[in-house]
Protein chains: 2
Amino acid sequence: MSELRHVVLFGFKEGTSAEDIRKVEEGFAALPSKIDGIKEFEWGTNVSIENKNQGFSHCFLVTFEDEAARDAYIPHPAHQDFVGVVRPLLTGSLVLDYWSRPE
Amino acid sequence: MSELRHVVLFGFKEGTSAEDIRKVEEGFAALPSKIDGIKEFEWGTNVSIENKNQGFSHCFLVTFEDEAARDAYIPHPAHQDFVGVVRPLLTGSLVLDYWSRPE
């Protein structure tokens, strides 16, 4: 069955404290309990040995129930509050959504 | 249970033919049948409405049995052959591996 995946990569500014990074990890992990329509959620930090992560240290993988859930998530106040907290800490972020294949 | 995920993003050069892109998609999708230790494989093309995909159009998500499988995958001839075919077509690629949390 095809799933709607939402891939989010974060890279943190040099000097960001471990505590601030932990708050971001916990803040993201709290979103599924605040916003409806999130079917699966997982995340982790880069352990690749290929050195092709382009400065991104964190990957969050959100699976939505459907497109409507994804569309409601983006402007949701809990999500926007989180974005406001995390944005000043980041060198960059990357977002790519896809419907998984094979179906 | 924690899983070892291997996230690969591709962006194609402007003018890359649909046929060449299809060959890359099929070539990647064929790797799990050629290389041991791949537990799950899925992929898809960007449908995000946030415009934060930084030129990447394709996401491939490979789940390895363990770290040894990941380490064997990278230099595997079938993988290296595939890399040789795809590299000239790309503006860029990004690779990030993570152990999924929560465990």
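Letters go in sequence order (proteins before strands), and every chain restarts at 1.
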Path from [X] to [Y] over hydrophobic side-chain contacts below 4.5 Å:
X      : Y      : result
W43(A) : L4(A)  : yes
V85(A) : F28(A) : no
V83(A) : L90(A) : no
V8(B)  : F56(B) : no
L9(B)  : L89(B) : no

Problem - CG (D36(A)) with more than 12 external heavy atoms under 6.0 Å - result: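 No, the 6.0 Å shell around CG holds no more than 12 heavy atoms from other groups.
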
Handout entry: Part of I74(A) lying under 4.5 Å from any heavy atom of chain B
Key =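 Only the side chain of I74(A) comes within 4.5 Å of chain B.
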
Handout entry: Portion of V47(B) that has a non-hydrogen atom of chain A nearer than 4.5 angstrom
Key = both

Exercise for the section: Specify which of P102(A), S48(A), A29(A), S93(A) makes the most heavy-atom pairs with chain B at under 4.5 Å. Expected result: S48(A)

Handout entry: Greatest number of heavy atom pairs closer than 4.5 Å to chain B - which of H6(A), R5(A), E3(A)
Key = R5(A)

Exercise for the section: Against chain A, work out which of G92(B), S2(B), C59(B) has the most heavy-atom pairs shorter than 4.5 Å and name it. Expected result: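 Result: the option with the highest number of such pairs is C59(B).
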
Handout entry: Point-to-point distance, once rounded to the nearest 0.5 Å, from CG of D97(A) to CG of N53(B)
Key =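 Atom-to-atom, D97(A):CG and N53(B):CG are 9.0 Å apart.
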
Exercise for the section: Please round to the nearest 0.5 Å and tell me the distance separating atom OG of S100(A) and atom CZ of F60(B). Expected result: 13.0 Å

Could you check whether any side-chain heavy atom of [X] comes within less than 4.5 Å of a side-chain heavy atom of [Y], counting everything from C-beta outward?
X      : Y      : result
V7(A)  : L61(B) : no
Y98(A) : E42(B) : yes
Q54(B) : V95(A) : no
K52(B) : L94(A) : no
W99(A) : T45(B) : no

Handout entry: Backbone N/O of L96(B) and side chain of N46(A): donor-acceptor pair under 3.5 Å
Key =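 No.
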
